[in-house]
Amino acid sequence: MENRLRRLRRAPEPGPYWKQRSWQWSAGFLGLVVLVGGFIALTSGGDDANAAADGPLSHNSGPRNGRPQGCRTDDGAGSTLPKSAPKDITWHKLGVGRIPVSASAGPTRTDGPVHWCFAHTPVGAALAATVIPSQMSGSGWKTVSRQQVVEGNGRKLFEFQRSAYQDMDSAADTGGAPVASYVGFSVTSYTSRTAKIRLLLASTQGYGTTTIVVRWSSGDWKLVPTDDGSLYTTVAPVQGSPSGYIPWGGAA
């Protein structure tokens, strides 16, 4: 753990990648200052550790088998990889950006800041990989983390890094900076337990791509952070015209 704390200075920027300064306006990496007592903040629970203990996706309320109460999605596609996005995709404002939502594949439920209930399919995994990180810039990010990020040291490190940044609940909090948009996705690997999703983003600087891993846990998809607390890989520019992605489409 101590070695990981030393690496925090080089960690990727926390929060939604589509508003990272390095991606959006090339201001460079925003280093984190490791404060005295940071190790204690990572290893001690306190009241915040139980803030989301009774949420719909917690171990206390989430079923070991099946779905949480009230969660219904169309899982008919099984493990078949998609060739197109769901026809019922619509776009909804969330914080400083917009997210794709499917009435059949999710998220079909909202509890406070938590948008949840995704289909147990590759498309459901792709939607979870898109929607869950988008909730991490707002003031409810810790509730989202406790409900929709797999528990472990990776989550502790993410929360420690994220707590160093100001919450952004609306476009006014960005200072007028442009925000990237979700364009498409690719399911690079999938099983009923875990999936790896590559997302395509578009901004004023062009296209970028990042990879996110999700795991089926407590009856829904959750993000799997890396050991250094990252929720996604570093956004990489796409040279030329992007290919190999399924466009989200839908009514904006």
Measure across [X] and [Y] and return the closest heavy-atom pair with its distance rounded to 0.1 Å.
X: Pro133; Y: Ile212; value: CG-CD1, 3.7 Å
X: Pro122; Y: Ser79; value: CG-O, 3.9 Å
X: Val183; Y: Ala202; value: CG2-CB, 3.4 Å
X: Lys222; Y: Ser218; value: NZ-OG, 3.8 Å
X: Val123; Y: Pro82; value: CG2-CB, 3.6 Å
X: Thr211; Y: Thr233; value: N-OG1, 2.9 Å

Please determine whether residues [X] and [Y] belong to a single hydrophobic cluster, defined as Ile, Leu, Val, Met, Phe, Trp and Tyr linked transitively by side-chain heavy-atom distances below 4.5 Å.
X: Leu223; Y: Tyr190; value: yes
X: Met136; Y: Leu94; value: yes
X: Phe160; Y: Val224; value: no
X: Val131; Y: Ile246; value: yes
X: Val214; Y: Trp216; value: yes

> Would you call Glu159 and Arg146 a salt bridge, using N to O less than 4.0 angstrom?
Replying inline: yes
> Taking NZ, NE, NH1 and NH2 as the nitrogens, is one of them in Arg109 or Asp220 under 4.0 Å from a carboxylate oxygen of the other?
Replying inline: no
Is the backbone of [Y] close enough, under 3.5 Å, to the side chain of [X] for a donor and an acceptor to pair up by distance?
X: Trp221; Y: Ala126; value: no
X: Thr226; Y: Ser230; value: yes
X: Gln147; Y: His115; value: no

Quick one: are [X] and [Y] in side-chain contact, heavy atoms under 4.5 Å?
X: Cys117; Y: Arg72; result: no
X: Arg193; Y: Arg215; result: yes
X: Trp141; Y: Thr143; result: no
X: Trp91; Y: Ile99; result: no

> Would Asp167 and Lys142 satisfy salt bridge (charged side-chain N to carboxylate O under 4.0 Å, His left out), going step by step from the backbone distance to the final call?
Replying inline: CA-CA 11 Å; Asp167 297 333; Lys142 183 167 285 189; over 6 Å; no
Would you compute the distance between atom [atom1] of [X] and atom [atom2] of [Y] and round it to the nearest 0.5 angstrom?
X: Thr90; Y: Arg98; atom1: OG1; atom2: CZ; value: 9.5 Å
X: Leu127; Y: Ser104; atom1: CG; atom2: OG; value: 8.5 Å
X: Trp116; Y: Gln148; atom1: CH2; atom2: CD; value: 9.5 Å
X: Asp88; Y: Ser102; atom1: CG; atom2: OG; value: 3.5 Å
X: Lys196; Y: Thr191; atom1: NZ; atom2: OG1; value: 11.5 Å
X: Arg155; Y: Ser145; atom1: CZ; atom2: OG; value: 5.5 Å

Side chains of [X] and [Y], donor plus acceptor under 3.5 Å:
X: Tyr245; Y: Thr209; value: yes
X: Asp75; Y: Thr121; value: no
X: Ser186; Y: Thr188; value: no

> Could you go step by step and tell me if Thr73 and Arg67 meet the side chain to side chain donor-acceptor pair (under 3.5 Å) rule?
Replying inline: CA-CA 10 Å; Thr73 55; Arg67 310 301 301 270; 3.1 Å; yes
>> Going by side chain to side chain contact (heavy atoms under 4.5 Å, CB included), Thr130 matches just one of Leu199, Val101, Ile197. Which one?
In response: Leu199
>> Please report whether the ring centroid of Tyr182 lies less than 6.0 Å from that of Trp248.
In response: no
